[in-house]
Amino acid sequence: MDIVNHEILLSSNMLGTMFFACTIYITLVIARYATLAKLIRDSRSNIETNKLRFKSQSEYSFHILHYEKRLKLLRYTLYLSLFGGIALCTSLLFLLLNYSFISAISFGIHLLLVLLALVTLVYELAVSFEALTEHLDIMRTLKDKF
């Protein structure tokens, strides 16, 4: 009894679509990482030049902890998606060599890795929303200055 539908896997349209979807996803994650890296660099330079000041040590710690958590989650997301891309390319290679069962296993690994990458990305977004909510709360307290 064969549990893998080889006809779907053998369809070059499906693999081609997944290949481009994986590439776009990896690009998205890299863009999120680049944005976070710029935010961290800008924050550091603003602190060093006294353009950015924190009310207390706890506010500063809040920002540092969120930066660290987001960076760690984006690292996991990027590694998972990159290894998922490698598994997808491996799947295509085995398919071209007529090893459809090994190709199906590799494709299954790809799907699992991309699914895990999506979960970590959603968690990173939740951490980002938490930090943005904190910024909005601070901005609401500053409205009296205007």
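Numbering of residues begins at 1 and proceeds along the displayed sequence. Atom set for the values below is all heavy atoms of this structure, side chains included, hydrogens, waters and symmetry mates excluded.
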Is there a continuous path of hydrophobic side-chain contacts, each under 4.5 Å between heavy atoms, that joins [X] to [Y]?
X	Y	result
Leu82	Tyr33	yes
Leu115	Leu88	no
Val127	Tyr67	no
Ile102	Leu92	no
Phe94	Val114	no

Looking at Ser103 and Tyr99, would you say the former's side chain and the latter's main chain have a donor-acceptor pair under 3.5 Å?
no
How close do [X] and [Y] get, heavy atom to heavy atom, and via which atoms?
X	Y	value
Leu74	Val29	O-CG1, 4.1 Å
Ala117	Thr77	O-CG2, 3.4 Å
Ile26	Ser81	CD1-O, 3.6 Å
Leu113	Gly84	CD1-N, 3.6 Å

Ring pair (Phe, Tyr, Trp, His ring centres under 6.0 Å) contacts touching residues 109-133 (sequence neighbours left out):
Phe107-His110
Pairs involving residues 16-41, ordered by first then second residue, that meet salt bridge (Lys or Arg N to Asp or Glu O under 4.0 Å) (sequence neighbours left out)
Arg32-Glu124, Lys38-Asp42
[atom1]-[atom2] distance between [X] and [Y], expressed to the nearest 0.5 angstrom:
X	Y	atom1	atom2	value
Leu118	Leu125	CG	CG	10.5 Å
Ser58	Leu65	OG	CG	10.5 Å
Leu78	Thr120	CG	OG1	9.5 Å
Glu68	Leu73	CD	CG	12.0 Å

Does atom CZ of Phe83 have more than 12 heavy-atom neighbours from other groups under 6.0 Å away?
no
Sorted by chain and number, sequence neighbours left out, ring-ring contact (aromatic ring centres under 6.0 Å, His included) with Phe62 holds for His66
State whether a side-chain donor-acceptor pair under 3.5 Å links Ser91 with Ser106.
no
